[in-house]
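Below, read A as the first sequence line, B as the second, and so on, with proteins coming before strands; counting in each chain starts at 1.
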Amino acid sequence: MAAPELLSDEGYRADGRRPAELRKVRARMGVFAQADGSAYIEQGNTKALAVVYGPHEMRGSRSKALPDRALVNCQYSMATFSTGERRRRPHGDRQAGELALQLKQTFEAAILTRLYPRSQIDIYVQILQADGGNYCACVNAATLAVMDAGIPMRDYVCASAAGLAEDTPLADLSGPEEAAGGPRLVLALLPASGQIALLQLSARLHQERLEAVLEAAGRACRALHAVLDRVVRQRLQEVTALLGD
Amino acid sequence: MLTSRTFVKRTRAGAVVKVVREHYLREDIPCGAAACRLCPPRPAGPGLGLEAQPSGAASSLCPGPHYLLPDTNLLLHQIDILEDPVIKNVIVLQTVLQEVRNRSAPVYKRIRDVIGNPEKHFYSFTNEHHRETYIEQKQGETSNDRNDRAIRVAVKWYNEHLKKMEDEEKIQVIFLTNDRINKEKALEEGITAYTCEEYIKSLIANPDLVDRLACVSDEGKEIESGKIIFPEHIALSKLQQGIKAGIYLQGTYRASRDNYLEATVWVHGDAEENKEIIIQGLKHLNRAVHEDIVAVELLAKDEWVAPSSVVLQDDGQNEDDIENEEEKENILKTSVNKDMLRPTGKVVGIIKRNWRPFCGMLSKSQIKEARRHLFTPADRRIPRIRIETRQADRLEGQRIVVAIDGWPRNSRYPNDMKHREDLRHLYVCSVDPPGCTDIDDALHCREVENGNIEVGVHIADVSHFIRPGNALDEESAKRGTTVYLCEKRIDMVPELLSSNLCSLRSNVDRLAFSCIWEMNHKAEILKTRFTKSIINSKASLTYAEAQMRIDSATMNDDITTSLRGLNKLAKILKKKRIDNGALTLSSPEVRFHMDSETHDPIDLQTKELKETNSMVEEFMLLANVSVAQKIYDEFPEFALLRKHPAPPPSNYDILVKAAKSKNLEIKTDSAKALAESLDKAESPTFPYLNTLLRILTTRCMMQAVYFCSGMDNDFHHYGLASPIYTHFTSPIRRYADIIVHRLLAVAIGADSTYPELTDKHKLADMCKNLNYRHKMAQYAQRASVAFHTQLFFKSKGVVNEDAYILFVRKNAVVVLIPKYGLEGTVFFEEKGKPTPRLDYNNEVLSLTVEDTTLRVFDKVKVNIMLDASNIQHQKIRMVLVEPKILGYDAPANPSAETSSKDEPEKKKKKLQK
């Protein structure tokens, strides 16, 4: 039996999308009352929940406080039921640690941390269902949650992955597409300025194709930005309507 | 654009896992008809889509314009028909394509080509992602039934869709299926459906197509022809019972070189009949691989076949192609000649697999994303192997080594010449025994400007070809050494490497690892240098040829002068070595002259040593010592060295006593004393005595062994009187040398290290294996000599020869026959005969039989013959002829030494009674 093809000759991916199309995105802000900010996002079958606390005083060791800016603390976890096989992940899962570090770097770049010296901002994200692009869903959810918390940011941070099938770049890789083992480029973008908060490439990719794949990922990020922006505006309307009463 | 999303549940083999996949349904998938204005325009893709006015063969069944829509089985079996230029305007559904792709890669490739052909107007419709043609699997519905239904839904949709077009003449879609049930259901649902046969026969003016219809009976065929090609193997426990009971026979499976559908099994044991069993046909071969130990069940006599003389190669891309195979099997059976019938059987189980890494090429699958490919081994007796890899692109066209569990091992990439010194201008030559093809050393010698002499030893750079960790490396590490038997060699590395690529043959560029000294005329080393190099040997000489060049005054070419220089230095080196206390030992070595046709030994000859032998040896020793010092300096913990422990003094007892009996004194307190006293131990009346003593000394020695420097602290090499020693000069035939090469390469910065090389425990384990292998190789070599000696005496009959007594035992004496280098035991006790009176004296090493006293080193005459009374253990038997012992008769023998041709013949017959 042959392996499933990523892109059929007719130009459709295994799940029926065209190469540049994203999976369906659904998002909500303010899903938890007790947190300062929270958001939930679905990108296809990948579902993520983000919660933000802060900015608040340093907890734990005060010595870690930064004199000139806020400390961004990120935690990433996956629900035991998030994958097909139920699996308990011990704390300190290496992949989780790495992703948390990447999230931290991404949001340190986006949040205006200098406004809050000697304080701390906590971002907790959890994957409820994993189907490819976990990091991207986390970034997008966290962006919404940070906004929900009212923490000033330079811009939205939108993240998306892109891969390659023969010569065609594929935007927003799904779980099976990630599992196929081709190159995967993860991009976290500040869409207004076009600044890159994080860029990660796994597996080998020929230099000549990098530009096309990067372009596809960038376009996906901008498309996501439009969706997220709509969600934020809608949320804003709801909140103002409530305040107006 | 994105309309709906459903979940598809799947379970994978093994653990049942629920997999949820997104499945987007779309509204923008075009129907492909050129005249359709409802659908969005077709994106650029393969083919041109369906024609507005379908051209193509007119059919009497449906005279109107129509498109065809075949189902999966039809496409699989009638691809020949569909490829015909007459057939145009065919809709191929995604469902059908996917099924075809999973069932047969070649057909998938063909249909893809057809779709891509603009003349044919085939269109592939992505029905699974179309909002109106996607269906979900119902409860209790098999996926086959679901797919059939999906196809019917698509046909229905097409018909309705095409009706919406504003053309006056409606185009119809005709469903083609050979499945009776499917057709009935389609007709029920109001779909025009025909079998392929019906449709093709209705084609006007194209009767020839009918001939091309594959005659496939419709029902259920595809299920039977599914995956089960071979009968199951029987469990090992049952096999053993069966073998005991005689139902099955155990034997070694030998695939035929010419015919992949035929093999023979050599039955083990000594059964007279059914020794060789023929296995014919894929089913009977039953997945056995060349050299496996298998269990075979004999077929009934009327099913016996004769070995076919047909040459068949497995070249079918598709292994599901059963019909073809059957056809081929029939070819085998046609030429049956009654007399030629041989026992025929079938393989029922595999007792022991003989899977090893195989070398060959990858034949790439025709589906570009496929990860499973066929691997074609270089040896035709090995079946093709299915391997799974994602790097097919990289492996394609490369020669790769594959282990039969399906892992691609490694591919060899050429290396650059960065670290190599070009020494091709030097007058390098090699000196070896005649007939030597694995030349691993070459030498050169020249005078440099400052009056000193530059001497170079160039060793084949085997480590360049055998990279750490690859299959070749693992195999050679296991073998440890090349085994030299009489007229046969069992290589450590493949012949291509040993006799060609690595072998430093003359007049070709070869990669070498060179050790270059600068010496003065007293053979004192001033400078030592190691480098990877490239050389071009100017001559490969035998010892005799080299000797002849040195001796002949008329030859004065560069090679000869070089040889003379080497010879001169070698003599000085040897003298120095001996002064240091190196031992010169001796052991009788013989060489057989073989009959090239029968491989029977005709004559045998003691290996004679020339000056050039010792010349080459001397420089090899020097190189080994230099390299040992270098790698030990660089890696004190994990240098692979060779030591020769001093024997415990008690080992020498026998030698001292033996010498004493001849009034000679042997000192054994040091190697030097031993060497000196051996040199003095000569008797004018008995010139062979010295050699005998040296042979005896050899027997007192310990085995030299490899060891890892970090695991031991006694490095001394007793025999060579060198504080440190290793093996560097024969990497083609010894694995230890390869390791030493790698260490040295790292030491001079020409190569990089790897984890196993710097792990002293691993190295120590390796040494253990190497020592074991060397010992075994030696045993094999001796056994081979013994075997050929037997063959030799079998043809010679009974002979009488002079011999010397080497050892005296309590009931026998061990004698050495210098003429043949043969050692044998003369027993004085025999079954069924009264034991003679024996008196053994341990002090003076003598044995008194009746009235005759035999002492060590006594010259005797023995009678040699082949004792074939036990077929399994034939041996050489020796009987004392002179001095004659009372009551102990040698068998009536011919007058001494006259072994005329006829008499031994008679003797042989007598013996075989």
Participant: So does A:Lys104 have more than 12 non-hydrogen atoms from other groups sitting under 6.0 Å from NZ?
Facilitator: yes
Participant: On a heavy-atom basis, which atom in A:Asp15 and which in B:Glu22 lie closest, and how many Å separate them?
Facilitator: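 Heavy-atom minimum between the residues: CB-O, 3.2 Å.
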Participant: Given heavy-atom pairs under 4.5 angstrom as the criterion, report whether the side chain, backbone, both or neither of A:Ala165 touches chain B.
Facilitator: neither
Participant: Roughly how far, to the nearest 0.5 Å, is the NE2 atom of B:His129 from the OG atom of A:Ser8?
Facilitator: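 Taking OG in A:Ser8 and NE2 in B:His129, the distance rounds to 7.5 Å.
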Participant: What part of B:Thr126 is in contact with chain A, defined as an atom under 4.5 angstrom from a non-hydrogen atom: side chain, backbone, both or neither?
Facilitator: side chain
Participant: What's the verdict on side-chain contact (heavy atoms from CB on, under 4.5 Å) for A:Arg13 and B:Tyr24, showing C-alpha distance, side-chain angles and the deciding distance?
Facilitator: CA-CA 10 Å; A:Arg13 289 152 75 171; B:Tyr24 291 93; over 6 Å; no
Participant: Below 4.5 Å, heavy atoms only, C-beta onward: do A:Tyr12 and B:Gln94 meet side chain to side chain?
Facilitator: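 When only atoms from C-beta onward are counted, B:Gln94 and A:Tyr12 do not touch, as no gap falls below 4.5 Å.
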Participant: Mind listing the closest non-hydrogen atom pair of A:Glu10 and B:Leu97 along with its distance?
Facilitator: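 That would be OE2-CD1, 4.4 Å.
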Participant: Any idea which heavy atoms bring B:Arg26 and A:Arg18 closest together, and the distance?
Facilitator: NH1-N, 3.4 Å
Participant: If you count the non-hydrogen atoms of other residues, nucleotides and ligands that lie under 6.0 Å from CZ in A:Arg28, is the total more than 12?
Facilitator: no
